[in-house]
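The next block holds one structure in the form of structure tokens; read it before the comments.
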Amino acid sequence: METTASVLGPSRPPVHVPGGIARAACLVLALVLAGCASRSDMSGVQPRAEGTGGAIRQQAFGTTPAGDPVTLYTLSNTGGMEVEVITYGAAIKAIRVPDREGRIANVALGFDDMAGYAGQTAYIGAVVGRYGNRIAQGRFTLDGQAYRLAQNNGPNALHGGLMGFDKRVWAASETTGPEGPGLTLTYVSLDGEEGYPGNLTAEVTYRLTDDNALTLEYRVTTDRPTVQNLTNHAYFNLKGEGSGDILDHELTLDAERFTPIDATLIPTGEIRSVAGTPLDFTEPRRIGDRIDADDEQMRFAGGYDHNVVLDRGLASGLTGGLRRAAFVREPSSGRTLEVLTTQPGMQVYSGNFLDGTAVGAGGRAYGRRSGFCLETQHYPDSPNQPSFPSTALRPDAPFTSTTVFRFGTDGQG
Ligand code: BGC
């Protein structure tokens, strides 16, 4: 396979900070953030921009079933972290980060080849759209006009339909900037595709900074009113992909409320407090602690598969800056993942439907609960739920959102 590499050049932040000081500042901030595992107000936290020495390279990654070529991009930073992204589904293929001893592992589930991606049904790593998550009965009405979608998940529409954005090849362009190497992926979804109105342009930019943060910036435009809800469907296992289940991971959610579901996993419309429920992760808890509790919500989903209302939530509007949504720590490796987002909700999914049929990059089967997803998003079924934040997209108002996956370690040996 042909590989081309380009090291990011002279782009620098306007004020030069000596590397040692920058690294020390980074470490202090990382420790402070790690210490925020219990509930805290992270309002206004922005991704930092010390990154200067990253690189991006590309290589061929086979073809789709229709014969279209797919490209694999590898972003790397000066700390040895690497992120692989493919143009098929704009999918995150791998994320390599150190544990507390400095040992690198791939913490994102993914496949070695295009056959793995074309054959999977779990949306592993992909950007899902045009509407991530469910729309009840595959129907919605917008501006008085009724639309019908494929019912590809029981009675409901899921993740954009029969051939959603996860199964499309996105156009790629490399970007460089003071923050680190970036890759912008663009997909144009035509009017009527999968039943949705409007020619819609979806753009996601992945950027890797030197402080081990992967930033995802979304921008979505349309030429006719439509609905949209893009999210990334990466599955994480901070022990390393293929290392068994994720039940020992400790999860903290900055969410005091969630949207309870019915037996088909559609929100009932209620916004319920997490207090006293298995969804209460306002203090760090093992994912496995209450996953099989005798609780209707857990039974409906076979574990966690719920949208949480992030604390910025309904009350304070949707346009605020980045806030922390989740913090995850895996005790044996010490790896941590912090999720920041501008979105109002997040699907917390414990990989209940992974069934061992998909064999991952390391040759190991992905069994039930072998990865978890934190899908930052608007709430499921919003087009049918007038009280939820709107997912309508109109020609005069592009949609933008930002999500950050920041990796670290707990420093405990
Ligand atoms: C959904 C799950 C679904 C999974 C597909 C998640 O976003 O909430 O119910 O099975 O995606 O991989």
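Start at 1 and go down the list; that is how both ligands and their atoms are numbered. We count residues from 1, following the sequence as given.
For the ring pair (Phe, Tyr, Trp, His ring centres under 6.0 Å) condition, the pairs that include at least one residue of residues 88-113, sequence neighbours left out, are F111-Y117. Among pairs with a residue in residues 195-230, none fulfils ring pair (Phe, Tyr, Trp, His ring centres under 6.0 Å), at least two apart in sequence or across chains.
Between E194 and R130 no salt bridge is recorded (no basic side-chain N to carboxylate O distance below 4.0 Å).
A donor atom on one side chain and an acceptor atom on the other are not found under 3.5 Å apart for N229 and T391. Between H378 and Q343, the side chains place a donor N or O and an acceptor N or O closer than 3.5 Å (distance only, hydrogens not considered).
For H159, the ring pair (Phe, Tyr, Trp, His ring centres under 6.0 Å) partners two or more places apart in sequence, or in a different chain, are Y123, H233.
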Between ligand 1 and the protein, tabulate every N or O atom pair separated by less than 3.5 Å, reporting distance only.
from	atom 1	to	atom 2	distance (Å)
ligand 1	7 (O)	H159	NE2	3.0
ligand 1	7 (O)	H233	NE2	3.1
ligand 1	7 (O)	E375	OE1	2.7
ligand 1	7 (O)	E375	OE2	3.0
ligand 1	8 (O)	N133	ND2	3.4
ligand 1	8 (O)	R134	NH1	3.4
ligand 1	8 (O)	D305	OD1	2.5
ligand 1	8 (O)	Q347	NE2	3.2
ligand 1	9 (O)	R134	NH1	3.2
ligand 1	9 (O)	R134	NH2	2.7
ligand 1	9 (O)	D305	OD1	3.4
ligand 1	9 (O)	D305	OD2	2.4
ligand 1	11 (O)	H159	NE2	2.9
ligand 1	11 (O)	H233	NE2	2.7
ligand 1	12 (O)	A122	O	3.0
ligand 1	12 (O)	Y235	OH	2.9

